[in-house]
Number of protein chains: 2
Amino acid sequence: MTKQRREVYGLLLEDASHPTANDVFRKVQDRMPQISLATVYNCLEALVTHGLVNQVNFDREPSRYCANLQEHVHFHDEASGRIHDIEFKDGADIMDFLNLPEGAEITEMELTIRGKLPSRD
Amino acid sequence: MTKQRREVYGLLLEDASHPTANDVFRKVQDRMPQISLATVYNCLEALVTHGLVNQVNFDREPSRYCANLQEHVHFHDEASGRIHDIEFKDGADIMDFLNLPEGAEITEMELTIRGKLPSRD
DNA sequence: AATCTTAATTAGAATAATTCAAAAATCACC
DNA sequence: GGTGATTTTTGAATTATTCTAATTAAGATT
């Protein structure tokens with residue numbers, strides 16, 4: 001854990017907006033003006049490979065990063081453009097939904113939903 | 001529907017391997033040597049926007065295209081590198097699995113699974 | 001404290017998928 | 001068959017990300 005990694009990680013812990021590498025770069029620059037974009041990419045990669053952070057890909061958009069390690073689904077609100085974390089219901093198992101061939105093993109799964117959230121007035 | 005679009009579409013109907021734009025380009029070239037990669041991209045885009053073809057994104061890999069319009073899930077077999085289409089069980093509704101806020105509307109969803117399929121000997 | 005070793009950061013160039021722009025070709029319709 | 005609109009082509013541009021080489025920093029060792 002270097003200064004830079006701690007800074008990037010700290011930012012992700014506070015900021016649940018699923019920022020891109022560039023977003024992270026701009027925000028971290030406030031506190032470490034000399035940091036480079038490549039370092040931000042390196043830090044994010046290190047955090048991801050060490051399992052502290054998840055990399056989230058949506059369509060062909062730039063990757064986003066989030067420090068919410070609990071298993072969850074991403075909901076892209078079309079109105080606001082924001083991404084929300086949605087949890088599974090208790091006891092829900094995706095295997096129950098799918099016609100998976102006998103003996104298939106799931107390593108990892110990613111579910112992304114696009115839609116509209118009710119506007120809260 | 002132009003010659004090129006028909007060719008690209010025909011290929012996708014026959015080829016369920018979820019080819020990338022480049023794969024499509026190389027294969028279509030056999031029958032239309034003068035076609036350009038940009039045209040393949042244009043054709044794919046046209047087919048996608050007209051709803052004949054789905055664009056599938058997995059992590060940061062190149063987009064893949066498939067003409068299977070039935071709602072399905074993509075299973076990335078880590079052993080073979082191949083992508084398989086998996087269908088939902090009858091009557092399965094993803095809404096039943098998720099703690100979605102009241103009133104949320106789903107426009108579109110994409111589920112991708114990484115894992116191992118049993119090797120068939 | 002000085003030095004050695006290793007790993008991380010930096011800056012900038014390189015890469016790869018995709019998109020864009022302009023000119024040429026093709027198509028649909030009169 | 002001509003005309004206007006749309007596509008294709010070619011090649012250049014863009015953008016996110018990765019790579020490279022050089023520098024710097026961080027510990028460990030004397």
Side-chain angles (χ1 to χ4, degrees), chain A residues 1-12 15 17-67 74 76 81 83 110 112, chain B residues 1-12 15 17-67 74 76 81 83 110 112:
Chain A
M1 258 297 183
T2 64
K3 272 203 305 278
Q4 289 82 342
R5 287 179 189 178
R6 209 183 316 277
E7 201 66 56
V8 167
Y9 184 50
L11 191 140
L12 285 175
D15 178 352
S17 75
H18 303 80
T20 65
N22 228 321
D23 294 339
V24 173
F25 175 52
R26 289 206 314 275
K27 287 182 186 156
V28 170
Q29 269 187 317
D30 291 348
R31 318 192 60 201
M32 300 182 87
Q34 80 294 354
I35 200 170
S36 74
L37 179 56
T39 299
V40 171
Y41 272 105
N42 288 340
C43 292
L44 290 169
E45 192 197 357
L47 293 167
V48 168
T49 56
H50 288 81
L52 293 172
V53 163
N54 285 326
Q55 178 171 1
V56 181
N57 295 297
F58 198 63
D59 291 347
R60 301 249 90 223
E61 295 171 17
S63 289
R64 296 164 176 278
Y65 298 86
C66 87
H74 290 110
H76 244 226
I83 295 172
E110 206 184 344
T112 327
Chain B
M1 258 297 182
T2 64
K3 271 202 307 275
Q4 289 84 340
R5 288 178 188 179
R6 210 182 316 277
E7 201 66 56
V8 167
Y9 184 50
L11 192 141
L12 285 176
D15 178 354
S17 75
H18 303 80
T20 64
N22 226 321
D23 295 338
V24 172
F25 175 51
R26 289 205 315 273
K27 287 182 186 156
V28 169
Q29 268 188 317
D30 292 348
R31 317 192 61 202
M32 300 181 88
Q34 81 295 354
I35 200 170
S36 75
L37 178 55
T39 300
V40 171
Y41 272 104
N42 287 342
C43 292
L44 290 169
E45 192 198 358
L47 293 167
V48 168
T49 55
H50 288 82
L52 293 171
V53 162
N54 286 327
Q55 179 172 2
V56 181
N57 295 298
F58 198 64
D59 293 345
R60 301 248 89 226
E61 294 171 17
S63 289
R64 296 166 175 279
Y65 297 86
C66 87
H74 290 111
H76 244 224
I83 296 172
E110 205 185 343
T112 326

Could you tell me whether the side chain of A/D15 and the main chain of A/S17 form a donor-acceptor pair under 3.5 Å? yes

Starting at CG of B/L47, measure out to CD of B/Q55 and round the result to the nearest 0.5 Å.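 Between B/L47 CG and B/Q55 CD, I get 11.5 Å after rounding to 0.5 Å.
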
Report the relative orientation of the aromatic rings in A/H74 and A/H18; use parallel for angles under 30°, tilted for 30 to 60°, perpendicular for over 60°. perpendicular

Phosphate-side-chain proximity, [X] and [N], N/O vs OP1/OP2 below 4.0 Å:
{"X": "B/R60", "N": "D/dT17", "answer": "yes"}
{"X": "A/Q4", "N": "D/dA25", "answer": "no"}
{"X": "B/T39", "N": "D/dT9", "answer": "yes"}

For DNA chain C, note the earliest and the latest nucleotide, 5' to 3', having some atom under 4.0 Å of a heavy atom belonging to chain A. C/dA8 to C/dT18

Where is the tightest heavy-atom contact between [X] and [Y], given as atom of each residue plus distance?
{"X": "B/F25", "Y": "B/I35", "value": "CE1-O, 3.3 Å"}
{"X": "A/V8", "Y": "A/C43", "value": "CG2-CB, 4.0 Å"}
{"X": "B/V53", "Y": "B/Y9", "value": "CG2-CD1, 3.9 Å"}

Could you check how far [atom1] of [X] sits from [atom2] of [N], rounded to whole Å?
{"X": "B/D59", "N": "D/dT18", "atom1": "CG", "atom2": "P", "result": "11 Å"}
{"X": "B/M1", "N": "D/dT7", "atom1": "CE", "atom2": "P", "result": "12 Å"}
{"X": "B/R5", "N": "D/dT9", "atom1": "CZ", "atom2": "C1'", "result": "14 Å"}
{"X": "A/N57", "N": "D/dT17", "atom1": "CG", "atom2": "C1'", "result": "12 Å"}
{"X": "B/L37", "N": "D/dT7", "atom1": "CG", "atom2": "C1'", "result": "16 Å"}
{"X": "A/I35", "N": "D/dT24", "atom1": "CD1", "atom2": "P", "result": "17 Å"}
{"X": "A/K3", "N": "D/dT24", "atom1": "NZ", "atom2": "C1'", "result": "10 Å"}
{"X": "A/N42", "N": "D/dA25", "atom1": "CG", "atom2": "P", "result": "17 Å"}

Please determine whether the number of non-hydrogen atoms from other residues, nucleotides or ligands lying under 6.0 Å from atom CZ of A/R31 exceeds 12.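 Not buried by this count: 12 neighbours or fewer within 6.0 Å.
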
Which nucleotide, D/dT9, D/dT17, D/dA25, lies nearest any side-chain atom of A/S63? D/dT17

If you find the nucleotide of DNA chain D closest to A/Y41 and the one closest to B/V40, which residue's nucleotide is nearer the 5' end? B/V40

